[in-house]
Amino acid sequence: MSETFELDQVVREIEDEVAARRASGDIPAGLERELDLVFARFAPAAASGDDLDAVLAAADRASFVDVDVPTGSNIPGLAPFKRGLRKLMEWYFRYLAQQVSELATSWAAALKLLAGRVKALEAATATTDPVLDEVRRLAEPARVTPFEDVVAAVLSGTSGRVLVAECGDGAFLHRLVADGIDAYGVDPEADRVEAANESGSEARLGEALDHLRGVAEGALGGLVLCGCVDRLALASQLELADLAAAALAGGGRVAVVGTSPTAWARAVDPVTADLAPGRPLHAETWLALLAHRGFGDVARHEGPALATLETVSGEGADVLNVNLARISEALFGPASFAVTAVRRR
């Protein structure tokens, strides 16, 4: 009797076991990071997949099929038999090996051409320029802090796992778990992930997009997106919306916490603004993106004002202050926002 192998279920069971052992203290907070570094150091290039030149060199070496099989043997009389068998079948295997080697060589050459074009594209778009690393660090994205009460209320009663990306140091994760929500987080900064795990929260190192690409369809009951939505380029922001719609089960809740483009432009210097790989979207844009992907009950929540004009006192000040408030709203607006919605299937 055959049994169906459910890979997703096995992965979930492994993740649950790791989370339980981490919570019990069996797995130190920094051990997973150390294991990743050791693996990246000693694993073959084809296994780690990070060194493109090394992978191409390995493909080049493997493109030639050698038909001169070894004939040595410790069994008396077997070596001459192997030599005779190799000589007898050599013409046949060489004919096949020549065709396979030609095909493999063509594929390796095609990969080299593609690698060259990718490198040229990266150079043209400056995605690998070291200056951008500093830009990403300076352009601090919005955090969920001003909207903790709103987001916690939206997620209240959620069934299924809730993902917070990016989770930061795990403070909001801790609150959700205390409210009875099965929450875990993802963050690209190893120090923040380690701090979150040390505080008792479940956090994993990685980018939000990469993690959501591996989440099964309908596997999440809730999703909080913050930080990444401000940094990603437009194409990645659209993919993020697609992945959110796919990952959430029917009735699942999503909260997108972002920075107002006006506030972002005022907060960063001209160099950062010009070189930033991605810019925040308006709250209205996220409302439209979620509504277009089958979300309902879409709502917008505004954060604290970016700035306000000072009020005046004296005769007739009430009318003047009302107008000043309208001018402040037009000039500044909220510094951040949260967009919440419910997945309809």
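Starting from 1, each residue takes its place in the sequence as its number. Only heavy atoms go into these numbers, but all of them, side chains included; no hydrogens, no water, no symmetry mates.
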Would a distance-only check, ignoring hydrogens and angles, find a side-chain to backbone donor-acceptor pair under 3.5 Å from [X] to [Y]?
X: Ser156; Y: Ala152; value: no
X: Ser101; Y: Gln98; value: no
X: Asp179; Y: Ile181; value: no
X: Asp230; Y: Thr259; value: yes
X: Gln237; Y: Arg279; value: yes

Review point. Given the rule in the side-chain contact (heavy atoms from CB on, under 4.5 Å) test, do Leu220 and Val162 qualify, once you have shown the distances and angles that lead to the verdict?
Key: CA-CA 6 Å; Leu220 296 178; Val162 172; over 6 Å; no
Would you give the length of the straight line joining atom [atom1] of [X] to atom [atom2] of [Y], rounded to the nearest 0.5 angstrom?
X: Leu243; Y: Arg293; atom1: CG; atom2: CZ; answer: 10.0 Å
X: Ile14; Y: Glu17; atom1: CD1; atom2: CD; answer: 9.5 Å
X: Glu194; Y: Ser199; atom1: CD; atom2: OG; answer: 11.5 Å
X: Trp264; Y: Leu281; atom1: CH2; atom2: CG; answer: 11.5 Å
X: Asp210; Y: Cys228; atom1: CG; atom2: SG; answer: 11.0 Å
X: Arg83; Y: Lys87; atom1: CZ; atom2: NZ; answer: 11.0 Å

Decide yes or no for [X] and [Y]: does some side-chain heavy atom of the first lie under 4.5 Å from some side-chain heavy atom of the second?
X: Leu225; Y: Leu240; answer: yes
X: Leu163; Y: Leu212; answer: yes
X: Val186; Y: Cys167; answer: no
X: Val254; Y: Val224; answer: no
X: Asp149; Y: Arg175; answer: yes
X: Thr158; Y: Leu155; answer: yes

Review point. Would Arg204 and Val193 count as a side-chain contact (heavy atoms from CB on, under 4.5 Å) if you check the C-alpha gap in whole Å, the side-chain angles of each, and the deciding distance to 0.1 Å?
Key: CA-CA 6 Å; Arg204 305 172 190 175; Val193 171; 5.7 Å; no
[Y]/[X] salt bridge by N-O under 4.0 Å criterion:
X: Glu166; Y: Arg231; result: yes
X: Arg161; Y: Asp182; result: yes
X: Asp242; Y: Arg213; result: no

Practice item. Walk me through it: do Leu173 and Glu202 pass the test side-chain contact (heavy atoms from CB on, under 4.5 Å)? Key: CA-CA 8 Å; Leu173 279 177; Glu202 179 186 350; over 6 Å; no
What closest approach, in Å, do [X] and [Y] show between heavy atoms, and which atom pair accounts for it?
X: Pro188; Y: Leu205; result: O-CD1, 3.5 Å
X: Ala203; Y: Asn197; result: N-OD1, 3.0 Å
X: Ala341; Y: Val298; result: CB-CG2, 3.8 Å
X: Phe337; Y: His282; result: CZ-C, 4.0 Å
X: Ala247; Y: Val215; result: CB-CG1, 3.9 Å
X: Phe147; Y: Val257; result: CD1-CG1, 3.8 Å

Point to revise | Arg344 to Phe295 six-membered ring, cation-pi geometry met (6.0 Å, 45°) | key: no
Review point. If you group Ile, Leu, Val, Met, Phe, Trp and Tyr by side-chain heavy-atom gaps below 4.5 Å, do Leu248 and Val164 land in one group?
Key: no
Review point. If Ile, Leu, Val, Met, Phe, Trp and Tyr residues are connected whenever their side-chain heavy atoms lie under 4.5 Å apart, and connections chain through other members, are Leu223 and Val342 in the same group?
Key: no
Exercise for review: Could you go through the side-chain contact (heavy atoms from CB on, under 4.5 Å) check for Leu176 and Phe172 one step at a time?
Suggested key: CA-CA 6 Å; Leu176 293 179; Phe172 186 58; 3.6 Å; yes
Practice item. From the options Arg300, His301, Arg253, select the one residue that forms a side-chain hydrogen bond (donor to acceptor under 3.5 Å, both in side chains) with Thr340. Key: His301
Review point. In terms of heavy-atom contacts, does NZ of Lys112 have more than 12 from other residues, nucleotides or ligands at under 6.0 Å?
Key: no
